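Worksheet: the structure to be examined is printed underneath.
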Amino acid sequence: MSHPIIVQGGMGVGVSDWRLARTVSQLGQLGVVSGALLAIVFARRLQAGDPGGAMRHAMDHFPIPSVAERVIEEYFVPGGKEPSAAFHLSALPALRPGPALVELMVAANFAEVFLAKEGHDGLVGINLLEKVQLTTLPSLFGAMLADVDYVLMGAGIPRSIPGVLDQFAAGAPAELRIDADGALPGEEFVSTLDPRAFCGDLLPKLKRPQFLAIVASATLAITLARKSNGRVDGFVIEGDVAGGHNAPPRGPLHLTAGGEPIYGPRDVPDLEKFRALGLPFWLAGSYARPDKLADAIREGAAGIQVGTAFAFCDESGIEPGLKRHICQLARTGNLSVFTDPLASPTGFPFKVLQMSDTLSEAGQYAARERFCDLGYLRQSYRKPDGTLGYRCPAEPVADYLRKGGVAEDTDGRKCLCNGLMASTGFGQIRSNGACELPLLTAGNDVAQLARFLKPGADSYTAADVVAYLLNPSAS
Ligand SMILES: Cc1cc2nc3c(=O)[nH]c(=O)nc-3n(C[C@H](O)[C@H](O)[C@H](O)COP(=O)(O)O)c2cc1C
């Protein structure tokens, strides 16, 4: 199989949306939608009145019309909700989600992939985070119902995903073991999804997508290649300068004077070992330059994965005013990121774009009331009665402690769910009428964003990025 040279990295929440992925795919590269919190993104687009009608159009093509009708009935607000009204909340992810939530998750992932693929025959992938386990099965199933070509997954060890793809492609039920803090030896918590129970006789034949694992080390890649429950088709090798979550440094965590994790020679991936695996790989993390693409190919890579350069282009899902402002800051060289070892409830280092009037400002975050009403980054834990509970270190501290969490885990944690959602223009309206402030992530490459801006312009397109990367004489 011939693979694309450029993978447009999956970017949550809602940053690599169907428009961006479709554009990149039409340019002959791999467009990747983000599956992170997609049910919320989809539900909020519908509540905002679905301008342009894309969500309803996708639902017209959903294989089970009764599900599409229920989702539209529940969330669509003709003309859009009042700007001062809060978004309606759906149930939080859980081990046994109710049917309405499963339908919403499957429909949302279907819609995003369906729209990204519509009207051309380019390739489209979906990106999911391994750490966000409770939504994985409905996300994968919805994406496969829309004939997704690639599944890309990082932020953890996605050993059980290839087998899930095989099961769904066979029309068979799939299971996923959920990591639960405090589980007793031998005790298992398993999430399940049965395609036939969901679709009945309307279950279409599903294609098994290619599976690419996103990793930071050859050790992890070797484990995945040998010990996954099915075929791994390749790797994205992501360095510590990449946007979003980063793998923690190997060994004990040491911080710079400014509080960022220190990465060293042991964190540099051993490409020789990747070449020896014989599977295609893409390099990611400040690779968005034609000379770096050439380096990657020389190193035996199939190409590169690029995030930051696409994150701020016209077609991405970041709120347009924020994007324009960021492009203006790029011109004056005023953009930087902080690799925050604490911010993410997942425990992985997370890159935060430093910007005024966003949650990257310590004062702004401190002023925010702690809230956990989306719950996608909650960690599962075993409750004393043997059932599964859910807690997030960014939720109100008293709630976290009541659930058996440790106080020090809550220090510096940030509500990425609400902050990232706000960066797409769908921030929740709180009871005092204020809108959640955005939190943005980007890779170190954001400091070089101005290379895409033509004189006098404060925006650029995905086509500008692709043309630049494929032009060997560009610098
Ligand atoms: C705004 C943004 C959001 C991201 N979100 C995700 C994500 O949800 N899942 C993921 O695997 N990678 C995520 N990434 C990482 C990208 O997919 C990509 O690997 C990375 O950005 C490549 O490095 P670069 O930013 O230097 O191009 C994100 C990156 C950015 C800039």
Side-chain angles (χ1 to χ4, degrees), residues 6-17 20-21 24 29-38 41 112 125-132 135-136 139 150-156 158 161 212-216 235-247 281-289 292-293 296 301 303-313 316-319 322-323 326 335 337 339 343-344 346 348-353 355 358 360 376-377 416-417 419-424 438-449 451-452 462 465-466 468-469:
I6 300 169
V7 178
Q8 163 255 302
M11 295 179 282
V13 168
V15 175
S16 63
D17 62 7
L20 176 59
V24 174
Q29 307 302 329
L30 179 57
V32 178
V33 298
S34 165
L37 278 73
L38 203 46
V41 175
E112 204 72 359
I126 190 163
N127 174 286
L128 297 171
L129 301 168
E130 203 277 339
K131 281 258 184 182
V132 183
T135 54
T136 299
S139 296
Y150 285 78
V151 169
L152 299 94
M153 203 149 165
I161 304 304
L212 306 183
I214 304 170
V215 297
F235 297 97
V236 174
I237 309 172
E238 208 184 55
D240 57 82
V241 290
H245 286 94
N246 302 132
F281 61 88
W282 288 259
L283 298 180
S286 289
Y287 269 89
R289 305 183 67 91
K292 298 276 283 177
L293 170 58
I304 55 176
Q305 171 165 290
V306 172
T308 302
F310 286 116
F312 303 99
C313 75
S316 87
I318 296 179
E319 196 278 317
L322 263 177
K323 265 193 295 204
I326 289 165
L335 286 175
V337 290
T339 308
S344 174
T346 65
F348 281 103
F350 185 71
K351 289 241 171 358
V352 180
L353 181 64
M355 223 175 119
T358 68
S360 70
Y376 279 68
L377 294 179
L416 298 195
C417 289
L420 293 174
M421 186 64 72
S423 73
T424 64
L439 183 77
L440 289 134
T441 180
N444 294 22
D445 191 31
V446 77
Q448 273 81 49
L449 215 56
R451 68 191 183 283
F452 300 115
V465 177
V466 172
Y468 166 80
L469 293 173

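Treat the numbers as computed from the prediction; the structure is a model and nothing was measured. Whatever order the structure lists them in is the order used to number ligands and atoms, beginning at 1.
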- Those residues that, when tested against S316, pass side chain to side chain contact (heavy atoms under 4.5 Å, CB included) (two or more places apart): V15, L20, I318, K323

- Query: Looking at residues at least two apart in the chain, or sitting in another chain, which of them share a ring-ring contact (aromatic ring centres under 6.0 Å, His included) with F312?
  - Reply: none

- Task: Go through the structure and list residues passing ring-ring contact (aromatic ring centres under 6.0 Å, His included) with Y468, not counting sequence neighbours.
- Result: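 Residues passing ring-ring contact (aromatic ring centres under 6.0 Å, His included) with Y468: F452.
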
- Query: Between F350 and H245, what is the ring plane arrangement, given parallel below 30°, perpendicular above 60°, and tilted in between?
  - Reply: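 F350 vs H245 ring planes: tilted.
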
- Using a threshold of 4.0 angstrom between heavy atoms of the protein and any atom of ligand 1, which residues qualify? G9, G10, M11, G12, N127, L129, I214, E238, A242, G243, G244, G285, S286, Q305, V306, G307, T308, T441, A442, D445

- Is the backbone N or O of G12 less than 3.5 Å from a side-chain atom of S16, with the two atoms forming a donor-acceptor pair by type? no

- Query: Would K351 and T441 count as having a side-chain donor-acceptor pair, cut-off 3.5 Å?
  - Reply: no

